[in-house]
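In what follows, a single structure is set out as structure tokens and then discussed.
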Amino acid sequence: MAQRACRGTIGATAGVQHDLTIHSQKATHSMEVAPSALDLKQSKRLYERAQHCIPGGVNSPARAFDSVGGTPLFIERAEGAYMEDADGHRYLDYVGSWGPMIFGHAHPDVVGAVQEQAEASTSFGAPTEIEIDVAELVCDLVPSADKVRMVNSGTEATMSAARLARGYTGRDKVIKFEGNYHGHGDFFLIAAGSGPMTLGKPDSPGVTEGNAKDTLLAPYNDIDHVQRLVEAHADEVACIIVEPIAGNMGCIPPEPGFLEGLRELCDLHDIVLIFDEVMTGFRVAPGGAQERFGVTPDLTCLGKIIGGGLPVGAYGGRKEIMDYVAPTGPVYQAGTLSGNPLAMRAGHATLSKIAEEKDEVYPDLEEFGAALESGMRQNLEALGLDYTINRVGAMMSLFFTDQPVVDQESAQTTDTDRYAAYFHGMLEKGIYLPPSQFEAIFFGTKHDEEALEATLQAQRTVLERIH
Ligand SMILES: *Cc1c(COP(=O)(O)O)cnc(C)c1O
């Protein structure tokens, strides 16, 4: 089998910032990170050059490999499920630009659409028909979306949705969950305070106490805690924002009743329920986690897949809330490049494939996921290991802990040194995993039988070596 290693560099996103210790962990590996057996001459040279002109050499922190150590790979090209780095190594990619590449890299439909648009100019700053086409697709696919506004990133989507919820309700406070990531907006970069009912505190220099005082934190999957928070702050809570499947502390599914409980609480107290589906949207079902679990939020944030690999985010939801945004409503939100035609073409190529082929795409992803999961369980069993695997559809995590992982606290029981060793072992075998234990792996329709075999075989060897 050709030399492969997997590594996804491209769209690093979630990552090192936010509320967690989890995301800001640096490598202090007691277990030696084995010097890579790969010859990474070019990547090393580029990384060194990048350090002089880009902070840390990267444009998004998770790309720097801080939590696994070693040199980040510089990528030159990718096609289907495989990426090639600057030194000519080929890797099977389980990052997929951190989510967007559900149909694989350089899909001809996306490439063709972008090329065609480029020739008709890349931006006008005026309305275009393709924006309507994409908005219609989103509204058809996503249950909660009556109307949708395009922005340029997931961060913009969540910031805008929270502002809208605050404007619409006339309230200030936001409830979020420990270990959930909603981009780098100031009032989301908040860590839990010391007592269970205390307010949050800034989790990054530059975030003010003023921001922190309006953000309340609850443990993921703990509906009783949320209920107590809501009752303690009656009439102050504008919105509850949640990753309906957590993906930024590794993959953690919602426990039965959790999302339903949030919906009920929001209904009872006139709170806007926001699902941050930047990661899960179009990934776990055509209509995202809300379709998969049958719970409809008031507002939904989208990103990643919606842009087909170009920078796009969006927020949408109930008509009366969305009409509260400028120019129809008083809540201001704008963007010079929002709805950019190049990005819309890539997004449209991707979403229209989803709409047309969803009856094959999602069962196929489920089938690959189930086979990967069961193969990994067999590997673990054969080696007498009882690590935890969480999976929902085409997102998944292997945690190096024997405890069930249901929230941030249990996620932190994982052995991150062992993950780092696993990551580098897999990389040497040509399998590119996310460079952090606390990022989910993603796969797409180009991950085939051969990819599956290669992954499981590599995993068996690597686990045997490191455990
Ligand atoms: C990636 C991500 C974001 C941030 O999106 P960016 O495009 O990186 O700004 C927000 N929320 C979730 C759930 C994400 O996974």
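Atoms within a ligand are numbered from 1 in the order they appear, just like the ligands themselves. For this chain, numbers begin at 1 and follow the sequence in order.
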- Check whether any N or O atom of Thr158, backbone or side chain, sits under 3.5 Å from an N or O atom of ligand 1, and answer yes or no. no

- Query: Do any nitrogen or oxygen atoms of Glu243 come within less than 3.5 Å of a nitrogen or oxygen of ligand 1?
  - Reply: no

- Heteroatom proximity flag, Val278 to ligand 1, N/O under 3.5 Å: no

- Query: Side chain or backbone of Thr280 under 4.0 Å from ligand 1, or both, or neither, by non-hydrogen atoms?
  - Reply: neither

- Salt-bridge test for Glu236 and Arg171: reply yes if a basic N is under 4.0 Å from a carboxylate O, no otherwise. no

- Query: Taking heavy atoms and a distance under 4.0 Å, where does His182 meet ligand 1: side chain, backbone, both or neither?
  - Reply: backbone

Could you list the donor-acceptor pairs under 3.5 angstrom formed between side-chain atoms of residues 126-143 and any protein atom two or more places apart in sequence or on another chain?
from	atom 1	to	atom 2	distance (Å)
Thr128	OG1	Glu131	OE2	2.6
Glu131	OE2	Thr128	N	2.6

- Message: Tell me whether the rings of Tyr47 and Phe74 are parallel (<30°), tilted (30 to 60°) or perpendicular (>60°).
- Response: tilted

- ligand 1 atoms nearer than 4.0 angstrom to some heavy atom of Ser153 are 7 (O), 9 (O)

- Query: Glu366 pairs by salt bridge (charged side-chain N to carboxylate O under 4.0 Å, His left out) with which of Lys358, Arg283, Arg391?
  - Reply: Arg391

- Can you list the ligand 1 atoms lying under 4.0 Å from a non-hydrogen atom of Met279? 15 (O)

- Query: Aromatic rings Phe65 and Phe423: how do their planes relate, parallel, tilted or perpendicular, breaks at 30° and 60°?
  - Reply: perpendicular

- Does some non-hydrogen atom of Lys304 fall short of 4.0 Å from ligand 1? yes

- From the list Ile102, Val361, Ile306, Thr350, side-chain contact (heavy atoms from CB on, under 4.5 Å) partner of Phe282 resolves to Ile306

- ligand 1 atoms in contact with Thr155 (distance to a heavy atom under 4.0 Å): 4 (C), 5 (O), 6 (P), 9 (O)

- Glu243: what forms a side chain to side chain donor-acceptor pair (under 3.5 Å) with it, not counting sequence neighbours? Asn248

- Query: Does Asp276 reach ligand 1 with a nitrogen or oxygen that is under 3.5 Å from one of the ligand's nitrogen or oxygen atoms?
  - Reply: yes

